[in-house]
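I have placed the structure first, in the form of structure tokens, so that the comments after it can refer back to it.
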Amino acid sequence: MLQIPYLRENRDLVIERYTRRNLDAAETIDQIITLDNQRKATQQSMDQDLAEGNRLAKEIGDLYKSGKAAEANELKQKTKVLKEKSNEEKTKLQEIEEAQLNLLYQLPNVPNAIVPNGKSDADNKIISEHGTKAKFDFDAVPHWDLAKKYGLIDFEVGVKIAGAGFPVYMGKGAKLQRALINFFLDEAENAGYSEVVPPHLVNEASGYGTGQLPDKEGQMYHVGVDDLYLIPTAEVPITNIYRDVIVKESDFPIKNSGYTPCFRREAGSYGKDVRGLNRLHQFDKVEIVQIQHPDKSYEALDGMVKHVASILEKLGLQYRIALLCGGDLGFTAAITYDFEVYSAAQNRWLEVSSVSNFETFQANRLKLRFKNEEGKTELAHTLNGSALALPRIMAALLENYQVTDGINIPEVLVPYTKFDKID
RNA sequence: GGAGAAAUGGCAGAGCGGUUGAAUGCACUAGUCUUGAAAACUAGCGUACCGCAAGGUACCGGGGGUUCGAAUCCCUCUUUCUCCGCCA
């Protein structure tokens, strides 16, 4: 959520930047500013009336003490009028604030200056490409066939016990999954991230804190009886650890990592996008989260990008990095780099990580602040990234490392899997 | 799930209808003293909004109510603790 003083001072810049999201927000922003003027005026007069009421209350108390009940009763009439007036003003103030908040919730984060224009993922800017395409002297087999052939993943039994999009990993498939999780967590630890195991269900306040709510309820599973949401990403519980917290400047950088399953409803998905492991309702992911000083957040973003890249290097996967265009940028992000690995049998790029800087957008909702050198509280910056999402890594590993009689395991994973080949 | 008790500043802990944004202790910050440190002493030490400022307003788990006036009384929700039941 954007801060109103910021909107006031940067109205034109914000409107210009929103054009990269193909969004015309001039009217909304002006409404917010108008409401803010009303808010200030209303509060001023309410505060005055409350101050007068406080003064009178003291006076009445003194009068009673000195036995002047008649005079006191006279003043009571005055306070009654004042109270009615201040109550009206309070109601008006609440209405204004609610209207303002509803408008603010409609505004996405302001894209960073380097975010390119564009409508969809087709307009994302490929920053770099690494590695070479896996070559086969036979027809490469897609991962869903490999998974079946070697008994790694059972999609059908997942349908039986839960539904489509809930695969069951088995045998060496399950072990490879666990190996990847441990490998990713160890890599994060080596990069200075402190591991947490957060809840997999969160309350409404947490959903608001990181920006999944309002408006994106449709993406999350909701447990109605207890009014809890299954997390769509570990970003939600981990970032919310710092909700309503004022950290010390010396605490920066705060770096957390965590493995969780992620649950997404993915309503409206269909076709080749959802085949096999490409898109699931439940998947595993190791997430990295940073809380940073505003002056250091882009440095931190750079570090996170390098971290994700180094993991993909170690796994020996062909990958590329894309800078998301305005049209593809998530609601809460100021900038996002996507990582895609090449799936050698499907002949397509699969998104395996998203690394973003949210600047103060989440911090504002979270009330996540720090005390600066002058002793003033200031909003911190939040960042996060997948390091990494499992299913598409698994898909790429199976497809890219397939040989005629099995699937090889990348060397870095062997200490984790305790086997070097699936056959 | 049933029965009780409680929720106050970073922590501990007073206050139980009026001058209490809140005693006191600890922690923390700055200063004095000291070669340095400790101790001692002095001062400071919550958040948000309005205001150029002086200052004002709100907040004692959340919400609502009673009252001229509420941290203090009432209702409600949430959370924590104790006992019982159930249970990985």
Side-chain angles (χ1 to χ4, degrees), chain A residues 1-9 32-104 197-209 213 223-229 237 240-252 254 261 291 360 362-380:
Chain A
M1 192 161 69
L2 299 177
Q3 299 168 87
I4 293 166
Y6 174 83
L7 277 178
R8 279 181 183 278
E9 283 162 34
I32 289 169
I33 292 170
T34 303
L35 280 169
D36 202 46
N37 294 335
Q38 289 174 25
R39 191 197 108 249
K40 287 185 183 187
T42 307
Q43 193 186 330
Q44 273 173 31
S45 80
M46 183 185 79
D47 282 357
Q48 262 177 32
D49 291 334
L50 287 173
E52 176 69 5
N54 286 342
R55 222 204 76 236
L56 286 173
K58 271 179 199 159
E59 212 175 300
I60 290 167
D62 291 340
L63 287 171
Y64 272 122
K65 273 181 202 158
S66 49
K68 298 173 183 166
E71 286 180 47
N73 284 330
E74 216 171 287
L75 284 184
K76 277 194 195 179
Q77 294 305 313
K78 271 178 141 179
T79 60
K80 199 178 170 188
V81 176
L82 268 177
K83 191 167 186 188
E84 276 169 19
K85 189 164 167 233
S86 65
N87 274 342
E88 279 169 25
E89 285 161 336
K90 189 183 173 191
T91 306
K92 189 178 166 195
L93 190 67
Q94 284 169 343
E95 283 167 4
I96 291 171
E97 283 174 345
E98 198 190 327
Q100 206 173 29
L101 196 60
N102 284 335
L103 290 172
L104 278 169
V197 182
H200 298 171
L201 279 81
V202 293
N203 56 29
E204 197 178 45
S206 294
Y208 274 92
L213 296 174
V223 182
V225 273
D226 294 303
D227 198 16
L228 293 168
Y229 295 87
N240 270 282
I241 290 172
Y242 304 98
R243 171 152 50 87
D244 289 318
V245 170
I246 299 177
V247 301
K248 289 196 280 266
E249 194 167 350
S250 57
D251 292 339
F252 292 134
I254 296 170
I291 316 294
T360 59
Q362 290 182 329
N364 190 214
R365 288 199 188 180
L366 293 160
K367 295 194 170 49
L368 197 188
R369 293 159 295 174
F370 70 99
K371 277 212 193 298
N372 65 22
E373 283 171 344
E374 293 161 359
K376 289 253 197 184
T377 53
E378 199 180 326
L379 291 174

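Small disclaimer: the values here were computed from a predicted structure and weren't measured. Just so it is clear: chains get the letters A, B, ... in the order the sequence lines come, proteins before strands, and each one is counted from 1.
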**Item:** d(CG, A:L93; P, B:C59) in whole Å
**Value:** 13 Å

**Request:** Quote, to the nearest angstrom, the P distance that separates B:U57 from B:G69.
**Result:** 15 Å

**Prompt:** If we call it a pair only when both distances are under 3.5 Å in a Watson-Crick or G-U wobble match, what pairs with B:G18?
**Reply:** B:C68

**Prompt:** A:E378 CD to B:A48 P: how many Å, rounded?
**Reply:** 12 Å

**Request:** Using the C1' atom on both, measure B:A22 against B:A70 and round to a whole Å.
**Result:** 13 Å

**Asked** With both distances under 3.5 angstrom, what nucleotide forms a Watson-Crick or G-U wobble pair with B:A39?
**Response** none

**Prompt:** Can you name the closest pair of heavy atoms from A:G209 and A:L366 and give their distance?
**Reply:** O-CG, 3.4 Å

**Asked** Could you give the CD-to-C1' distance, from A:E97 to B:A48, as a whole number of Å?
**Response** 11 Å

**Request:** Taking all non-hydrogen atoms of both residues into account, name the closest pair between A:N73 and A:Y64 and its distance.
**Result:** OD1-OH, 3.3 Å

**Prompt:** What integer number of Å spans the C1' atoms of B:G18 and B:C75?
**Reply:** 24 Å

**Prompt:** Does a nitrogen or oxygen in the side chain of A:Q44 sit under 4.0 Å from OP1 or OP2 of B:G51?
**Reply:** yes

**Asked** Is the distance from OP1 or OP2 of B:G69 to the nearest side-chain N or O of A:K76 less than 4.0 Å?
**Response** no

**Request:** Provide, to the nearest angstrom, the distance between the CD1 atom belonging to A:I96 and the C1' atom belonging to B:C50.
**Result:** 14 Å

**Item:** Proximal nucleotide (of B:G18, B:G56, B:U47) relative to the A:D47 side chain
**Value:** B:G56

**Item:** Nearest heavy atoms of A:E89 and A:T42, plus distance in Å
**Value:** O-CG2, 3.6 Å

**Complete:** Taking every heavy atom of A:I291 against every heavy atom of A:A380, the minimum-distance pair comes out as CG2-CB, 3.9 Å

**Message:** Rounding to an integer number of angstrom, what distance separates B:C60 and B:C73 when you compare their C1' atoms?
**Reply:** 16 Å

**Message:** In whole Å, measure the gap between the P atoms of B:U72 and B:A6 for me.
**Reply:** 14 Å

**Message:** Suppose you measure atom C1' in B:G65 against the same atom in B:A48; what distance do you get, rounded to whole Å?
**Reply:** 25 Å

**Prompt:** Using purine N1 to pyrimidine N3 plus N6-O4 or O6-N4 for Watson-Crick, or N1-O2 and O6-N3 for G-U wobble, both under 3.5 Å, which nucleotide pairs with B:G1?
**Reply:** B:C84

**Asked** When all nucleic acid strands are considered with a 4.0 Å heavy-atom cut-off, which category describes A:R55: base, sugar-phosphate, or nothing?
**Response** nothing

**Prompt:** Is there a Watson-Crick or G-U wobble partner for B:G46 with both distances under 3.5 Å, and which nucleotide is it?
**Reply:** B:C59

**Message:** Tell me which nucleotide, if any, is Watson-Crick or G-U wobble paired with B:U34 when both distances must be under 3.5 Å.
**Reply:** none

**Complete:** Separation of B:A58 atom C1' from A:Q48 atom CD, nearest Å, is 16 Å

**Item:** For B:A54, the Watson-Crick or wobble partner whose two distances fall under 3.5 Å
**Value:** none

**Message:** On a heavy-atom basis, which atom in A:Q100 and which in A:R39 lie closest, and how many Å separate them?
**Reply:** OE1-CD, 3.7 Å

**Item:** Spacing of the C1' atoms in B:A5 and B:A53 (rounded, Å)
**Value:** 49 Å

**Request:** Under 4.0 Å between any heavy atoms, over every strand shown, what does A:N54 touch: base, sugar-phosphate, or nothing? Just pick one.
**Result:** sugar-phosphate

**Request:** Would you kindly give the CG-to-P distance between A:N364 and B:A48, to the nearest whole Å?
**Result:** 12 Å

**Asked** Can you tell me if A:D36 uses its side chain to pair, donor with acceptor, with the backbone of A:I32 under 3.5 Å?
**Response** no

**Item:** Between P of B:G69 and CG of A:N73, the distance in whole Å
**Value:** 13 Å

**Request:** Assign each of A:K40 and A:I246 to its nearest nucleotide of RNA chain B by heavy atoms, then name whichever residue's nucleotide is nearer the 5' end.
**Result:** A:I246

**Request:** Between A:M46 and A:L56, just flag the one whose closest nucleotide in RNA chain B comes earlier from the 5' side.
**Result:** A:M46

**Asked** Base, sugar-phosphate alone, or nothing: which one does A:L75 contact when heavy atoms must sit under 4.0 Å apart?
**Response** nothing

**Message:** Please determine whether a side-chain nitrogen or oxygen atom of A:T377 lies at a distance below 4.0 Å from atom OP1 or OP2 of B:U47.
**Reply:** no

**Prompt:** If only side-chain N and O atoms of A:R39 are considered, is one of them under 4.0 Å from the OP1 or OP2 phosphate oxygen of B:C50?
**Reply:** yes

**Prompt:** Considering the options A:I96, A:L93, A:I33, which one meets the side chain to side chain contact (heavy atoms under 4.5 Å, CB included) requirement together with A:Q38?
**Reply:** A:I96

**Item:** A:L50 CG - B:G55 P separation (whole Å)
**Value:** 20 Å

**Complementary nucleotide for B:U78 - Watson-Crick or wobble, under 3.5 Å** = B:A7

**Message:** Work out how far the C1' atom of B:G25 is from that of B:G15, and round it to whole angstrom.
**Reply:** 16 Å

**Request:** Kindly say whether, by distance alone, the side chain of A:K83 makes a donor-acceptor pair under 3.5 Å with the base of B:U67?
**Result:** yes

**Prompt:** At under 4.0 Å, does any side-chain N or O of A:R369 touch on OP1 or OP2 of B:U47?
**Reply:** no

**Request:** Compare the minimum distances between each of B:C68, B:U47, B:U57 and the side chain of A:T79, then state the nucleotide with the smallest one.
**Result:** B:C68

**Request:** For A:N37 and A:T34, test the side chains for any donor-to-acceptor distance below 3.5 angstrom and give the result as yes or no.
**Result:** no

**Message:** What's A:K78 touching, base or sugar-phosphate or nothing? Going by heavy atoms closer than 4.0 Å.
**Reply:** nothing

